[in-house]
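This one's a predicted model, so the numbers in the text were calculated from it and none came from an experiment. Numbers restart at 1 for each chain; the letters A, B, ... are given by sequence-line order, proteins then strands.
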Amino acid sequence: MSNERRLGRLTSLLRRRGIILPSYEIYGGVSGLIDYGPVGARIKRRVIDVWIDHWTSVGNVVEVDSPTITPEPVLVASGHVDEFNDHMSECGACGAVFRSDHLLEGLNPNPNSLEASDLDDKIADSAITCPSCGGFEWKGASPMNLMFPTRIGAKRGGRMAYMRPETAQGMFMLYPALFRHFRQRLPFGAIQTGKAYRNEISPRQGMIRLREFNMAELEYFIDPDELPNPDLGRWDSSVSLLPDPEGPHAGEHSMTFGEALGSGIVKHPTVAWFLALTWDFLVDVGVDPERIRFRQHASTEMAHYASDCWDCELNGEHGWVEAVGIANRTCHDLLSHQEHSGSKLLRGWRQFDSPRTETMEVLTPNGAVIGPTFKGDASAVADALSELTDVPDSLPFILTLADGTNVEVTEEMVTRRVEKVTVHGEYFTPHVIEPAFGIDRIIWHILDHSYSETEKEGKGYTILSLKQDVAPFDVVILPLFDKDGMGELARQISSRVSSMPGIHGDLDVSRSIGRRYARADEIGVPWAITVDHASLEDGTVTVRRRDDQTQVRAEVESLLSHLSSGTIGELF
RNA sequence: GCGAGUGUAGUGUAGCGGUUAUCACCCCACGUUGCCAACGUGGGAACCCGGGUUCAAAUCCCGGCACUCGCACCA
């Protein structure tokens, strides 16, 4: 079976069986948008459920949910409005499109900060020709915003907004509530799953680059001065790491997460811990461990907010694809939101082990002199004195007020004193470690890695070996024939299975038994229960295991209890 | 966004100016069948969208949309 067509056959299967399909197909389809069909939606739901369980079980992580519509100022503060507004120049001769600032690379100190007209002028002044055809017929530079703009409010007065390009900002907005929820004690984290939107120029590769996609992000807030000491010993197998190609460890390494942290390749212990937890999650949902690797961003490709960034890449039909990004965003976001919004709630409190007594020299203003001397400015002078950190050794001296004016402060105006203050702690801006998961890309690789084309009695046979946790159905119930009461018994069992919490069963009565096994194998149902003639007499059924197609006979009651406890495997 | 190629039932395809639009899988009903895509009979389902050329268009031309590949883009 030819390997280059495997991608096509897998895509056909996904469409045929209602897993992944193009959106709005009867209207011609829209590039970059996909539907999860009846089977795919179930897989997606379960992948997300596993993800939420995985992170909330860390303990100090809670789930939140915030809007996808985001007011512009939030995204100005986060840097997305600038970062997503690259100007593009189009060659009028050959139609090629380039980033305007890339054309000016090396000719202008900071081309990224220029307006469209400035860019056009610079390109004209520098006589830059089209790298593609050598022509000189540039059309005007125009901004290409990768966010979907919208307005909040009807008619003209609406506020400018964008569909969120990531879920993270919503969690930063909730920081004050989280800080209260966790009783003002770091570290803690918030997770959120949901849609994010990026108006990609040309989405390609099926569900790898989408315009509307499913993200799952954790923002984990830490005190940068407290380095945790996570126990990485339980991850004892080696993983593939590709450190910064411009750094001292360039090249591919195979080592444990503990070794990666110990050697300094991974800089922060929390980052190392999250790399390990990410690996666990991916393996749990059925990604092939041999096709996972972690790649560190070079400092030149780092996102605008990150100080250390690792991509978790998965290998499949589209090559190595970034599926998870784990970034140390430091205090960038909270600090920027603090500056833009003026809020003082975006900080943590660091309690000292024991209160510190600090003695400091202060100059206490002498109102009787300052008042008459400075009149209206007197209170500004008093304020400036109280904020003085370095008290001058000698008087008089020149004091700079908040509005920038300088005044002379003489001996009579102040009293020099030594003050003792007891400080119990200090405010700081927490740092954020963010694992961001592209759910669609992960689902793609689960499907890719689970899809196997085998032979059965000389004919091609397809199995999707999904883990039970992410399979669309836990079990399919099949009467051997839909007659003699076998169909009725199967329906009874099916309705009992359906009432079991967290268990999904499917009933299939049409066509031959072999065909129904094949249909179930093709969408990854791990177990099949068959009701046959013996079932009518002694209350037993057969249980078939998808992965090796073996069957055992079991009592219905015992089978159902194994099903609810997730231990069907013990029957074999 | 540019260039090239490709769009036919749910899937894979044949047809390349005039066919009742081919074949297979598929799906449904009935029959048959004592466990792995069995069989019989009957049935269902398609020319991407819009314009043009022509007596006649799935077929030729133009535009749009989508997919694949290359270039560019991918915070």
query = What nucleotide, of B/rA37, B/rC35, B/rU13, holds the atom closest to the side chain of A/T462?
reply = B/rA37

query = Rounding to the closest angstrom, what is the interatomic distance between B/rU68 and B/rG42 at atom P?
reply = 41 Å

task = Round to the nearest Å and state the distance from A/D532 atom CG to B/rC36 atom C1'.
result = 14 Å

request  = Give A/S510 one of three labels, base, sugar-phosphate or nothing, depending on what nucleic acid heavy atoms sit under 4.0 Å from its own.
outcome  = sugar-phosphate

Pairwise C1' distance, B/rC28 and B/rC65 [rounded to whole Å] = 33 Å

ask   = When rounded to the nearest Å, what value does the distance between C1' atoms of B/rU6 and B/rC47 take?
value = 15 Å

inquiry  = Counting the atoms with a prime plus P, OP1 and OP2 as sugar-phosphate, which does A/R516 contact under 4.0 Å by heavy atoms, base, sugar-phosphate, or nothing?
reply    = nothing

inquiry  = Whole angstroms only, please: what is the CG-P distance between A/L10 and B/rG12?
reply    = 12 Å

message = Let's test your reading of the model: under 3.5 Å, does the base of B/rC73 pair with the side chain of A/E200 as donor and acceptor?
response = no

query = When the ring planes of A/F274 and A/W55 are compared, do they come out parallel, tilted or perpendicular, using 30° and 60° as the limits?
reply = perpendicular

inquiry  = Could you tell me how far B/rG44 sits from B/rC49 if I compare only their C1' atoms? Round to whole Å.
reply    = 25 Å

Distance in angstrom units between A/L13 CG and B/rG10 C1', rounded = 12 Å

query = Using purine N1 to pyrimidine N3 plus N6-O4 or O6-N4 for Watson-Crick, or N1-O2 and O6-N3 for G-U wobble, both under 3.5 Å, which nucleotide pairs with B/rG18?
reply = B/rC55

task = Could you work out which one of B/rA37, B/rU68, B/rC35 sits closest to the side chain of A/A518?
result = B/rA37

ask   = Can you find a donor-acceptor pair, distance only, under 3.5 Å between A/E25 side chain and B/rC48 base?
value = no

message = Just N and O in the side chain of A/S512: are any of them under 4.0 Å from OP1 or OP2 of B/rU33?
response = no

message = Looking at A/R515, I'd like to know whether one of its side-chain N or O atoms comes within less than 4.0 Å of OP1 or OP2 on B/rA38.
response = yes

query = Under 4.0 angstrom, heavy atoms only, what part of the nucleic acid is A/E522 near: base, sugar-phosphate, or nothing?
reply = base

ask   = What is the pairing partner of B/rC36, taking Watson-Crick or G-U wobble pairs with both distances under 3.5 Å in any strand?
value = none

remark   = By the Watson-Crick or G-U definition, both distances under 3.5 Å, B/rC73 is matched with none

task = State whether the distance check finds a donor on one side and an acceptor on the other, under 3.5 Å, for side chain A/Y461 versus base B/rC36.
result = no

key: A/K195/A/E166 ion pair, N-O < 4.0 Å   = no

N-O pairing of A/R15 and A/E25 below 4.0 Å = yes

request  = Please tell me which of A/G32 and A/E322 maps to the more 5' nucleotide of RNA chain B, matching each residue to the nucleotide holding its nearest heavy atom.
outcome  = A/G32

task = Scan every strand shown for a Watson-Crick or G-U wobble partner of B/rG50, both distances under 3.5 Å, and answer none if you come up empty.
result = B/rC62

ask   = In whole angstrom, what separates A/I208's CD1 from B/rU68's P?
value = 11 Å

inquiry  = Check A/R553 with A/D532, please: is the shortest side-chain N to carboxylate O separation under 4.0 Å?
reply    = yes

ask   = Is A/F481 touching bases, backbone alone, or none of the nucleic acid, heavy atoms closer than 4.0 Å?
value = base

remark   = Rounded to the nearest 0.5 angstrom, the CZ-CD1 distance for A/F294 and A/I326 is 5.5 Å

inquiry  = Heavy atoms only, 4.0 Å cut-off, all strands: where does A/G206 land among base, sugar-phosphate and nothing?
reply    = sugar-phosphate

ask   = Distance check: side-chain N/O of A/S12 vs OP1/OP2 of B/rG12, anything under 4.0 Å?
value = yes

inquiry  = For A/E317, is there an ion pair with A/R6 - N to carboxylate O distance below 4.0 angstrom?
reply    = yes

message = Less than 6.0 angstrom from the centroid, inside 45 degrees of the normal: does A/R544 satisfy that with respect to the ring of A/Y517?
response = yes

key: Gap between atoms CZ and C1', on A/R204 and B/rG5 respectively (whole Å)   = 12 Å

key: Listed nucleotide nearest any side-chain atom of A/Q549, set B/rC35, B/rU13, B/rC36   = B/rC36

query = Taking atom P in both B/rG7 and B/rG12, what distance in whole Å separates the two?
reply = 13 Å

query = Heavy atoms under 4.0 Å, any strand shown: does A/K456 hit a base, just sugar-phosphate, or nothing?
reply = base

message = Let's see if you can work this out: which of B/rA37, B/rC35, B/rU33 has an atom nearest to the side-chain heavy atoms of A/K483?
response = B/rU33

task = Give a yes/no answer on whether the side chain of A/S31 brings an N or O atom under 4.0 Å of OP1 or OP2 in B/rC67.
result = yes

key: N/O (side chain, A/R15) to phosphate O (OP1/OP2, B/rG12) under 4.0 Å   = no

query = Salt bridge or not for A/E72 and A/R159, using N-O below 4.0 Å?
reply = no

note = Across every strand shown, the nucleotide meeting Watson-Crick or G-U wobble geometry with B/rA24 (both distances under 3.5 Å) is B/rU11

ask   = When the C1' atoms of B/rU19 and B/rA58 are considered, how many whole Å apart are they?
value = 12 Å

query = Given that A/F213 and A/R511 both sit by RNA chain B, which one's nearest nucleotide is further toward the 5' end?
reply = A/R511

query = Between B/rU11 atom P and A/R16 atom CZ, what is the distance in whole Å?
reply = 9 Å

request  = Scan every strand shown for a Watson-Crick or G-U wobble partner of B/rU41, both distances under 3.5 Å, and answer none if you come up empty.
outcome  = B/rA29

request  = Considering only atom P, compute the distance from B/rG10 to B/rC30 and round it to an integer number of Å.
outcome  = 24 Å

key: C1' gap between B/rA14 and B/rA29, integer Å   = 29 Å

